[in-house]
Q: 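Provided herewith is a single structure, encoded as structure tokens, for subsequent inquiry.
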Amino acid sequence: MKADIQLRPSQYLGAALLLFLLSLVVLETLFWGHNPASQNLDQVFHAPTLAEPLGTDQFGRSNLARLSSALQTSILMAVFSVLTSATLGVSLGVVAGWKRGWIDRILSIVVNILLALPGLVLVLLFGALVPGSFFILYIAISLVLWVEYFRVIRARTITVMNSPEVEASLLYGFGPWYVFKRHLWPACKKDIYTLACFGAGNSVLALASIGFVYVGLRPPHAELGLMMVELFPYYSDAAWVLLQPLTAVILLVLGFHLIAGGEHE
Amino acid sequence: MIKQILLRRAAQAAFVAWGVGTLTFIMMRLLPGDFAYRIAAGRYGYDYVSQAAAEAVRADLGLDRPAIVQYLEWLLNLLRFNLGDSLVSENPVTQELAHQLGSSLELAVFASFFALLIAVPVGLYAGRHAGGAGDRLSLMVSVILRAQPVFVIGLLMVLAFSLKLGWFPVAGFGSSEYLILPALSLALTLAAISSRMIRNSTCDVLASPFYRFARFKGLTEQQAFTHHASPNIALPVVAFVSIQAINLIEGIVMIESLFSWPGIGHALAHAIFARDVPMIQGAALVMGLIFVAINTVADLIVFKLDPRQREETLS
């Protein structure tokens, strides 16, 4: 829409990685469409063939189907929790930074409570109390992620609201929506974009991490972290199967991080 | 000022305790299904749950009383540092945690030490030769290391050093050889971020007017670096420690589970699996408190390092 969107090579690389993983999911659904949970014990750790391009796992399940299903879960989780946390964080950040007063103080207290605990421990707590629920994990991850938007956007809003431009706009009688669209959004959108990409990466990491300690989604659900623990005992029989979810996590998160701005420090 | 820092962090610690307890309490009540049955399942195994077992648990833990009474009782016990008994081992939670805390701290200290050992030279080198091949290489490695959960690094370490090369044991606890792989896995994740921090900080300081002035007035590079650059490089790095503390604690949960290291993180994962609610609460609480403690120490170091902060409060 505008000419000012200049992507760096690293960002193209990130987009390419994500497109590659997405195409894996699409191709699997279009051409193979195996059930990720259906077992075939005659075909345990079968080498890749045309029918099973990534081979089979310890129950003879299709690795491609499982990987594709796990990628869908991770990407869905990332999209849902980023949308939720961004909406929540940005709107509350704008309100707190704009109105100040008691609403700002209450929100800051809530944020301080959330910040006092490492995010993953909070997600683990949620996962521990309601095991195996995608929805609860989504709530927990969003709850951890929104704080970051809130803090950045609140700080931005305070600066922008004190600027002469906004004062002029308000004196001219423009409404809050105009001020948001004309002054706040342009000042914040780059931060939101960066935070969203990192947030997506972090939600993928969180989901895989708690899957790995067996607290996240339950088998037979295909989930990247869970797949790793399940396949780990078979490393000597089929290390290449274990490497599939490992590579998928690395590429997925790397893709998001690279899109976020390559070398964001 | 030191008093102010300590007071603020003490308030945060109180928040952690209250937050963890209240959150678990509310969520346990909101859960579908009978609480007593779930604890009975955790205690005796799913196959041995019966009406009688659930009733025994209910009477034992006083679950038939109103929720608000139980909540207030929990808060009161917390004030007396009584976290209840583990539902699985039936030992006091504080006793179990005190035992595990030692192993976790051992791992954390060694991991931080290894991380410094890697990050300081790499960061200083990259900062002094910014834009060079070494700088770009360290950036690439750091981006790749950051793009994966810490347990992936741990897994790859196990695959390479234990299973292929057989240099270190896969998992366990005891002599120092058990410590190296878990500490190193954690250290790599930590160093991936802090080396870049040190690099940026070094870059900024070396380009600053005060450093150039120090050189200009005749100090050798060594003198200028020791007296003028190093404290200024350290300052933002130490201030950044809170983010590192998050990574360290999250990493400990993962790495301890992977290497069966008998610490708090391993205990948390186990307690979750056994649905041992007091242990879950206790472990989460201790992790939150370690987090606050690390940040307090960072605050104090920054305060010592930065004379500007001290003078500000005097004026």
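Computed over heavy atoms, backbone and side chain alike; hydrogens, waters and symmetry mates excluded. Lettering follows sequence order; numbering is per chain, from 1.
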Q: Is it the backbone or the side chain of Leu124(A) that comes under 4.5 Å from a heavy atom of chain B, or both, or neither?
A: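 Leu124(A) touches chain B through backbone and side-chain heavy atoms alike.
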Q: Is Leu246(A) in contact with chain B via its backbone, its side chain, both, or neither, using a 4.5 Å heavy-atom distance?
A: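 When you check distances to chain B, only side chain atoms of Leu246(A) fall under 4.5 Å.
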Q: For Phe126(A), which atoms come within 4.5 Å of any heavy atom of chain B: side chain, backbone, both, or neither?
A: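 Looking at Phe126(A), backbone and side chain both touch chain B.
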Q: Is Leu156(B) in contact with chain A via its backbone, its side chain, both, or neither, using a 4.5 Å heavy-atom distance?
A: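 Contact with chain A is through the side chain of Leu156(B) alone.
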Q: So does Ser81(A) get a backbone contact from the side chain of Ser203(A), meaning a donor-acceptor N/O pair under 3.5 Å?
A: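 Such a contact is absent between Ser203(A) side chain and Ser81(A) backbone.
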Q: Testing Leu258(A), Leu17(A), Leu205(A) for side-chain contact (heavy atoms from CB on, under 4.5 Å) with Val253(A), which one passes?
A: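 Result for side-chain contact (heavy atoms from CB on, under 4.5 Å) with Val253(A): Leu205(A).
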Q: Side chain, backbone, both or neither: which part of Leu285(B) has a non-hydrogen atom closer than 4.5 Å to chain A?
A: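 Neither the backbone nor the side chain of Leu285(B) comes within 4.5 Å of chain A.
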Q: So, does Gln148(B) use its side chain to make a donor-acceptor pair with the main chain of Ile144(B) at under 3.5 Å?
A: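 Side chain of Gln148(B) to backbone of Ile144(B), a donor-acceptor pair under 3.5 Å: yes, one is there.
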Q: Please rank Val150(B), Ile246(B), Val152(B), Asn247(B) by heavy-atom pairs under 4.5 Å with chain A and give me the top one.
A: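 It is Val152(B).
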Q: Is there a donor in the side chain of Ser142(B) and an acceptor in the side chain of Arg146(B), or the other way round, less than 3.5 Å apart?
A: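 The answer is yes; a qualifying pair exists.
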Q: Quick one: what part of Leu252(A) sits under 4.5 Å from any heavy atom of chain B, side chain, backbone, both or neither?
A: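 Neither part; nothing is under 4.5 Å.
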Q: What pair of heavy atoms forms the shortest contact from Ser138(B) to Arg196(B), and how long is it?
A: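 The answer is OG-NH1, 2.8 Å.
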Q: Quick one about Ser194(B) and Gln244(B) (side-chain donor to acceptor, distance below 3.5 Å, no hydrogens or angles considered), yes or no?
A: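 Note: Gln244(B) and Ser194(B) side chains meet the donor-acceptor criterion.
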Q: What residue in Ala13(B), Gly265(B), Ala284(B), Gly19(B) has the most heavy-atom pairs under 4.5 Å with chain A?
A: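 With the most close heavy-atom pairs to chain A, the winner is Ala284(B).
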